[in-house]
> 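This structure is in structure tokens; I'll ask about it shortly.
FYI, the numbering just counts along the sequence from 1.
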Amino acid sequence: MNKQSLIATGLNGLVGSKFASDFAESYSFDRMDISDKNHPVDITNLEQVREVFKNSSAKFVLHLAAFTNVTAAWEQSGDYDGIAYQVNVEGTKNIIKACQEFDKHLIHISTAYVFDGENDEMYKEEDELCPIEWYGQTKADAEQEVRKSDIDWTILRIDQPFRSDIFPKVDVVHRIIEGIKNNNLYPQFTDHYFGPTFIDDFAKVIDWVIRTKASGLYNATSGEMWSDFDFATMINQTLDLGGEVKEGKLEDYLKTISRPYQRNTALDSSKLISQLDFKLKTIQEAISTLK
Ligand SMILES: NC(=O)c1ccc[n+]([C@@H]2O[C@H](COP(=O)([O-])OP(=O)(O)OC[C@H]3O[C@@H](n4cnc5c(N)ncnc54)[C@H](OP(=O)(O)O)[C@@H]3O)[C@@H](O)[C@H]2O)c1
């Protein structure tokens, strides 16, 4: 099978490495990895970005790279020279510029943290951006840069991604499993909600975007809304871990920290789900694959 060229950032990360391995047969990657020993590409350096684009026949650019440590980003609040702003906003601006110059379609990965978390319902695509901390602010700014550009673009927003296998950067599900097994799981909030994203399925969503040239803004989680407590309890039961999940309150936790915390980051992904040509697993089916 002829592989399709794809320019990509962030393919070593939690999300990107799963796409790279699951779709290694479909795509040949023109990678932009800052940690590459031979050809490091820092997306905050426009010339390094341009060099990759210049030498690539790819029609699509998958942009996953980001500064993703939310607490470390919070410590940089308001710092436009800081690494979080530089990578997430200036890096994305460089990718947009290169897409303009070399006529590429950008697939930009975003987050539910562009919202304040005050909704009682799941967030829809058309809801106004209203970040409450610096990581969310930088990702919202990056989204705005993409949305106001004149290139072809697709934005996929995800929340709390987890995968079927173990990865060095431990995801929400593997953290809960370890906590239950070691009997040191923190009390799980009954008043905090989120929308888990099964990365194995999300990799297929990225492939679907490329296959169908779907453009515009999509919420791209698994489309469900869970409280931390219900989620951990479901994992405990589905995987027969036989441990204990204790209840806690976000409200009490918030009294102990200064960083703002979104109360609800679940995304309504029904627009995406209605257009996909395959079925996403339910969250419980996804957890079952970890057995
Ligand atoms: N993880 C989450 O909870 C979550 C939730 C919602 C949305 N997202 C979004 O999903 C995307 C992927 O997240 P992830 O968790 O997979 O990320 P991750 O594991 O933290 O990986 C981040 C990636 O960004 C790359 N990177 C950082 N700075 C760079 C620079 N200056 N130049 C080039 N590459 C750079 C890193 O490259 P090297 O490997 O070469 O160092 C790494 O591959 C991000 O856009 C993130 O905002 C993540």
Side-chain angles (χ1 to χ4, degrees), residues 10-22 35 64-75 109 111-113 117 133 135-136 158-204 220-257 259-267 280-291:
L11 285 189
N12 292 322
L14 171 70
V15 179
S17 59
K18 186 73 181 142
F19 175 74
S21 61
D22 285 3
S35 61
L64 289 140
F67 184 89
T68 58
N69 184 327
V70 180
T71 304
W74 168 243
E75 285 153 15
I109 308 306
T111 169
Y113 282 30
E133 40 67 44
Y135 167 75
I158 57 175
D159 186 30
Q160 298 285 339
F162 70 96
R163 45 195 277 175
S164 55
D165 53 351
I166 292 171
F167 188 73
K169 179 173 145 181
V170 181
D171 64 42
V172 58
V173 168
H174 288 93
R175 197 167 55 240
I176 289 170
I177 293 171
E178 280 312 300
I180 293 175
K181 282 184 177 167
N182 298 329
N183 202 21
N184 60 7
L185 184 70
Y186 284 110
Q188 297 292 297
F189 302 142
T190 51
D191 56 348
H192 174 257
Y193 302 89
F194 67 105
T197 307
F198 186 38
I199 296 174
D200 303 44
D201 270 356
F202 183 64
K204 295 181 193 162
T221 64
S222 300
E224 297 179 21
M225 177 169 166
W226 287 82
S227 75
D228 298 14
F229 178 75
D230 288 346
F231 189 64
T233 302
M234 180 271 289
I235 291 171
N236 190 25
Q237 288 168 355
T238 305
L239 299 179
D240 293 324
L241 298 176
E244 190 192 358
V245 178
K246 296 191 190 102
E247 287 187 24
K249 288 268 180 214
L250 175 64
E251 203 184 312
D252 296 333
Y253 176 65
L254 286 180
K255 290 175 192 150
T256 69
I257 60 163
R259 196 195 103 191
Y261 208 92
Q262 298 83 349
R263 197 173 53 78
N264 170 26
T265 52
L267 301 176
L280 296 179
K281 284 192 166 47
T282 66
I283 289 300
Q284 194 164 0
E285 285 168 351
I287 296 298
S288 297
T289 67
L290 276 72
K291 267 186 183 167

> Does any non-hydrogen side-chain atom of Phe162 lie less than 4.5 Å from one of Phe198?
yes
> Taking all non-hydrogen atoms of both residues, which atom of Thr197 and which atom of Ala220 are closest, and how far apart?
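The pair with the smallest heavy-atom distance is CG2-O, 3.7 Å.
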> Under the rule for side chain to side chain donor-acceptor pair (under 3.5 Å), what residues qualify as partners of Thr68, not counting sequence neighbours?
Lys169
> How would you list, by chain and number, every residue that makes a salt bridge (Lys or Arg N to Asp or Glu O under 4.0 Å) with Asp201, sequence neighbours excluded?
Lys204
> Pick one: which of Ile158, Thr111, Thr221 meets side chain to side chain contact (heavy atoms under 4.5 Å, CB included) with Leu267?
Thr221
> Output every pair passing salt bridge (Lys or Arg N to Asp or Glu O under 4.0 Å) with a member in residues 233-257, not counting sequence neighbours, ordered by first then second residue.
Asp252-Lys255
> Which atom pair, heavy atoms only, marks the closest approach of Gly248 to Asp191?
O-OD1, 4.3 Å
> Applying side chain to side chain donor-acceptor pair (under 3.5 Å), can you list everything that pairs with Lys18, at least two apart in sequence or on another chain?
Asp22
> Between Gly13 and Ser17, what is the shortest heavy-atom contact and its length?
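Distance-wise, the nearest heavy atoms are O-OG, 2.6 Å.
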> Return the set of residues passing ring-ring contact (aromatic ring centres under 6.0 Å, His included) with Phe167 (not counting sequence neighbours), or none when no residue passes.
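Not a single residue meets the ring-ring contact (aromatic ring centres under 6.0 Å, His included) criterion with Phe167.
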> Sequence neighbours left out, what passes side chain to side chain donor-acceptor pair (under 3.5 Å) with Glu133? Give chain and number order.
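Gln262.
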> Taking all heavy atoms of Arg163 and all of Asp200, pick out the closest pair and write down the distance.
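Answer, listing the atom of Arg163 first, then Asp200: CA-OD1, 3.5 Å.
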> Taking all non-hydrogen atoms of both residues into account, name the closest pair between Asp171 and Val173 and its distance.
OD1-N, 3.0 Å
> Test side chain to side chain contact (heavy atoms under 4.5 Å, CB included) on Tyr113 and Asp159 and set out the steps.
CA-CA 8 Å; Tyr113 282 30; Asp159 186 30; 4.1 Å; yes
> Can you tell me how far apart CZ (Arg263) and CG (Leu254) are? Round to the nearest 0.5 Å.
10.5 Å
> Please tell me if the side chains of Ile257 and Trp74 come closer than 4.5 Å, counting only heavy atoms from C-beta onward.
no
> Just to verify, what does Glu285 make a side-chain contact (heavy atoms from CB on, under 4.5 Å) with, not counting sequence neighbours?
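If we apply the side-chain contact (heavy atoms from CB on, under 4.5 Å) test to Glu285, skipping adjacent residues, the hits are Lys281, Thr282.
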> Return yes if some donor-acceptor pair links the side-chain N/O of Thr238 with the main-chain N/O of Gln284 below 3.5 Å, else return no.
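Side chain of Thr238 to backbone of Gln284: no pair is present.
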> Do Val15 and Ile109 come within less than 4.5 Å of each other through their side chains, counting heavy atoms only?
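A side-chain contact under 4.5 Å is absent here.
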> Using a 3.5 Å cut-off and no angle test, enumerate the donor-acceptor pairs between side-chain atoms of residues 227-235 and protein atoms at least two apart in sequence or in another chain.
unit_1, atom_1, unit_2, atom_2, d
Ser227, OG, Asp230, N, 3.0
Ser227, OG, Asp230, OD2, 3.4
Asp228, OD1, His192, ND1, 2.7
Asp228, OD2, His192, ND1, 3.2
Thr233, OG1, Phe229, O, 2.7

> At their closest point, which heavy atom of Thr265 faces which heavy atom of Ala112, and how far apart are they?
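For Thr265 versus Ala112, the nearest heavy atoms are O-CB, 3.2 Å.
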> Which pairs would a plain distance check flag for residues 176-189, meaning a side-chain donor or acceptor within less than 3.5 Å of a matching protein atom at least two apart in sequence or in another chain?
unit_1, atom_1, unit_2, atom_2, d
Asn182, ND2, Glu178, O, 3.2
Gln188, NE2, Tyr186, O, 2.9

> Among residues at least two apart in sequence or on other chains, which ones pass side chain to side chain donor-acceptor pair (under 3.5 Å) with Asn12?
Arg31, Ser35
> Checking Ile166 now: which residues fulfil side-chain contact (heavy atoms from CB on, under 4.5 Å) with it, not counting sequence neighbours?
His174
> Are the side chains of Leu64 and Phe19 in touch, meaning some heavy atoms are under 4.5 Å apart?
no
> Taking the side chain as C-beta and beyond, is there a heavy-atom pair between Lys291 and Leu239 under 4.5 Å?
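Yes; the side chains approach each other to less than 4.5 Å.
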